[in-house]
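Note that the coordinates shown come from a computational prediction; the quantities given were computed from them, not determined experimentally. Each ligand, and each atom within it, is numbered from 1 in the order the structure gives.
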Amino acid sequence: MSSILVTGGAGFIGSHLCERLLLLGHEVLCLDNFNNSYDPAIKRCNVAKALRHSHYRLVEDDILDESLVRGLLKSSGTDAVVHLAALAGVRRSILTPLDYVDVDIKGTVSLLEACQKNNVKKFIFASSSSVYGTCRPPFREDAAPGAQTSPYAAAKHCGELYCRTYSLLYGIKASCLRFFTVYGPRQRPDMAIRTFTKAISEGRDIFIYGDGSSSRDYTYVDDIVDGIIAALDLDREFEIFNLGNSNTVNIMNLVEILGNKLKKEVHICFLPEQQGDVPATCADIGKAAGLLGYSPKVKLEEGIERFVGWYMNYSDER
Ligand code: NAD
């Protein structure tokens with residue numbers, strides 16, 4: 001059994017990860033400030049199941065509080081940190097770039113500092129496919145990164161650079177995992193699959209930015225959690241991995257699948273392209289397959305079915 005600190009553990013991906021770590025018999029310390037990037041009541045629901053577990057401890061505080069983080073690492077005997085806390089969201093980062101510098105860059109460095117001071121030697125960083133910016137898909141980890149198209153993407157790239165530096169300076173074994181459009185139960189309410197599902201099920205228009213030709217590599221949250229768990233077991237100094245599905249889907253196909261699963265007609269309103277968006281993402285997952293044994297299992301149709309099933313129950317409850 002290990003003791004693992006999960007920052008952002010009340011969020012979408014973090015709450016799934018915490019539950020899996022508990023199932024695997026680990027001690028989990030979740031650090032989350034329940035910020036209002038979306039309704040904090042949603043995050044309360046996310047942690048409800050884990051809170052019933054005796055090996056789970058929730059600390060409601062900020063990763064930017066350096067002395068608190070150092071104290072937590074010391075008192076909990078943490079073996080590894082999975083750093084998921086961040087301001088996520090490409091478009092919002094264009095409006096409030098300095099907030100992203102604080103949380104996504106300074107917060108990451110602050111955690112790495114706390115790790116080196118407390119001899120924590122394993123660090124997993126939630127990076128993003130958006131780091132590839134203007135690169136041409138399929139994206140490989142060894143490709144020279146293109147220009148990042150948003151402050152969010154630039155901040156994630158910067159976080160990766162700091163992980164590499166701390167790995168070199170202090171021997172922290174760091175893995176940066178570039179997640180590709182994650183979906184599944186508890187998905188953030190600002191993300192496309194969830195906003196589309198809500199609008200379609202309520203008979204409202206969905207908004208598509210651009211001409212409908214954009215495409216994404218959608219990855220089911222359980223597959224992402226598999227990748228994170230595998231990275232925790234990896235014994236290498238510094239690595240970057242793509243965690244995607246390696247199956248790019250056009251947004252119009254996605255919408256069609258959603259309409260079919262919801263058994264509803266879809267009404268689309270096309271709007272001009274938004275700043276910060278890239279036309280397409282697609283992960284080359286060869287490296288993750290080779291070193292992590294990563295092999296995504298949930299196909300989009302099946303994942304959407306699971307998501308819609310969860311969403312209908314969830315919105316009935318609330
Ligand atoms: P999320 O917003 O649901 O989770 C992030 C959590 O971090 C939230 O619960 C929030 O309250 C917490 N948090 C934010 N700032 C904090 C701070 N200063 N102190 C403590 N807690 C703080 O987002 P998510 O979709 O679960 O994403 C998790 C991570 O994965 C993020 O780093 C995100 O950038 C990255 N990522 C997500 C996706 C995706 O498709 N969801 C894709 C690429 C990368």
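Annotation: cation-pi geometry satisfied between Arg91 and Tyr209 (NZ/CZ under 6.0 angstrom from ring centroid, within 45° of ring axis). Relative to the six-membered ring of Tyr152, Arg92 misses at least one condition, a distance below 6.0 Å or an angle of at most 45° to the axis.
Classified by interplanar angle (parallel below 30°, tilted 30° to 60°, perpendicular above 60°), the ring pair Phe180/Tyr132 is tilted.
Smallest separation of non-hydrogen atoms from Asn245 and Tyr218: CB-O, 3.1 Å.
In this structure, Thr7 and Leu111 have side chains that are in contact, with non-hydrogen atoms separated by less than 4.5 Å.
In summary, of the residues considered (Asp32, Asn35, Asn33), a side chain to side chain donor-acceptor pair (under 3.5 Å) with Lys43 occurs for Asn35 alone.
Among protein residues, Gly8, Ala10, Gly11, Phe12, Ile13, Asp32, Asn33, Phe34, Asn35, Tyr38, Lys43, Asp61, Asp62, Ile63, Leu84, Ala85, Ala86, Ala88, Val103, Ala126, Ser127, Ser128, Tyr152, Lys156, Phe179, Thr181, Val182, Arg188, Met191 come within 4.0 Å of ligand 1, judged on heavy atoms.
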